[in-house]
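Have a look at the structure below, then the notes.
All values reported here derive from a predicted model rather than from experimental measurement. Residue numbers start from 1 in every chain, and the chains themselves are labelled A, B, ... in the order their sequence lines are given, proteins ahead of strands.
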Protein chains: 2
Amino acid sequence: MTRAAPYDRDKTLDRAMQLFWSKGYHATSLKDLEAALDMRPGSIYAAFKSKDTLFRLALERYHARMAEVFEEKLAETESPLQALADWLRLHVERRLRDPAPPACMLAKTSLELADVPGEAGAEARAYLRRVGERFAEVFALARARGELPDSADPERLARLLQAKIMGLTVFLQRETDPEVLLMLADDMAREVLALGHAGTGAPAEHARQG
Amino acid sequence: MTRAAPYDRDKTLDRAMQLFWSKGYHATSLKDLEAALDMRPGSIYAAFKSKDTLFRLALERYHARMAEVFEEKLAETESPLQALADWLRLHVERRLRDPAPPACMLAKTSLELADVPGEAGAEARAYLRRVGERFAEVFALARARGELPDSADPERLARLLQAKIMGLTVFLQRETDPEVLLMLADDMAREVLALGHAGTGAPAEHARQG
DNA sequence: GACTCTTTTGAGCATTCGCTCAAATTACGA
DNA sequence: TCGTAATTTGAGCGAATGCTCAAAAGAGTC
């Protein structure tokens, strides 16, 4: 090796992720990327091959970051159900503090690149599927610990939760009042915790197996 | 007047809506529109002024269509709560039958045009706000009829419901199994109906006022 | 300092973008 | 049948798009 790349690949990918996350794939031009990464076109293509590839690296990074925060919360909380509820609230609190885009990048991409040829849209949907599977594992764990009735269907609960979360992040885009948003996250968190109180034959017995 | 336009403006707008709905704003080129509307660029600009204007007309149309179906269901059902639940299921059933794009065009647009200058994104968010207000009216009606406890907060319930619906439509994009989707709609419908059984001091007392 | 290998540079490619406008076409009244 | 005004046409505009590549610049070895 005779010359090291002067840029920090990690920070560069972070900036690309931030930009793509906020503007989406199509609305982000190479001029935008050149400015954000402080690199000239040739360097960008030498380092990342194409706009498409760079976008997919940004997607992968986004997924990894989100999973990291989630697993952290899960590890530090006794009850899996409580961890899900806490994470929901934490998610909104973070978005109120950070200048990060409010909506989920995976959901955004899945929608933007729905009928557009290319792998990026399908890739985003694959990541979403993995997130859903992880939620199902957590619900299964909760059931094994007796937090959920035996009749509970982890996959079904996971889909319901994931749909709610994606809806929450879409909602974050149109609403800015912190109080309202925290209330919404709280309502969803309560619905998760209420699953634990069910199985008594009482109300809120949605999402049973079969 | 000496020459009538040969095209049917209503059908033309429908086709434009379908195209924008499915591909989004940026991924839809004028070439695509020319083909879908069977019009040459000059005619399109004479009739609709610009791509942006045409897109906003498509948005308006989408909102009107959705509102129409909703109001119809509401009018034909005794209980407002039941109407909401039925409409939720109806929505998914329709998407399974029709070849229409699965995701809500308003949510899609709100996300795609989040950080992009222009009015279209804000307009989509304004329509979403109107939908939310309508939901709140329906919940208020349910409360007035005694279907909900006096302590219920219609606006809060409306936000929760709307977030769930948007999440549902995002979910529709990644999942295609009809059984799974109907199950999900059913779970959400049940959560709406469960609100009616609350107020007994039992579980599922989320979304109270204050 | 000269040589080598790697990386950056940026002018500029081909293509596509949204859009315009002078000319051709059409349907009506006289 | 003709004149007229509204409408359609499509070649093509200027600008922007994603991207390339020959040349320049830098970091290491001797």
query = So does B:Tyr45 get a side-chain nitrogen or oxygen closer than 4.0 Å to the phosphate oxygens (OP1/OP2) of C:dC19?
reply = yes
Contacts of A:Ala47 and B:Lys51 projected onto DNA chain C by closest heavy atom; the upstream (5') one is A:Ala47
Of A:Ile44 and B:Ser50, the one whose nearest nucleotide on DNA chain C sits closer to the 5' end is A:Ile44
Is it the case that the side chain of A:Arg125 and the backbone of A:Ser110 share a donor-acceptor pair, with hydrogens and angles ignored and the cut-off at 3.5 Å? yes
Query raised in the report: Below 4.5 Å, heavy atoms only, C-beta onward: do B:Lys164 and B:Leu88 meet side chain to side chain?
Result: no
Practice item. Please check if atom CD in A:Glu78 has more than 12 non-hydrogen atoms from other residues, nucleotides or ligands closer than 6.0 Å. Key: no
Residues, nucleotides or ligands: over 12 heavy atoms within 6.0 Å of A:Gln18 CD | yes
In numerical order, the residues of residues 111-124 of chain A whose heavy atoms come under 4.0 Å of DNA chain C are none
Numerically ordered, the residues 21-30 of chain B set in heavy-atom contact under 4.0 Å with DNA chain C is B:Thr28, B:Ser29, B:Leu30
note: A:Phe55, atom CZ; D:dG18, atom P; distance rounded to Å ~ 13 Å
The reported gap from CG in B:Leu81 to CG in B:Asp86 (rounded to nearest 0.5 angstrom) is 10.5 Å
Within residues 33-43 of chain A, those residues having any heavy atom closer than 4.0 Å to DNA chain D are A:Pro41, A:Gly42
Note to self: Looking at B:Asp14 and B:Arg65, is any side-chain nitrogen of the basic one under 4.0 Å from a carboxylate oxygen of the acidic one?
What the structure shows: yes
> Would you call B:Arg130 and B:Glu133 a salt bridge, using N to O less than 4.0 angstrom?
Replying inline: no
Checking B:Phe48, B:Tyr62, B:Phe20, B:Trp21 against B:Phe55 for ring-ring contact (aromatic ring centres under 6.0 Å, His included), the one that qualifies is B:Phe20
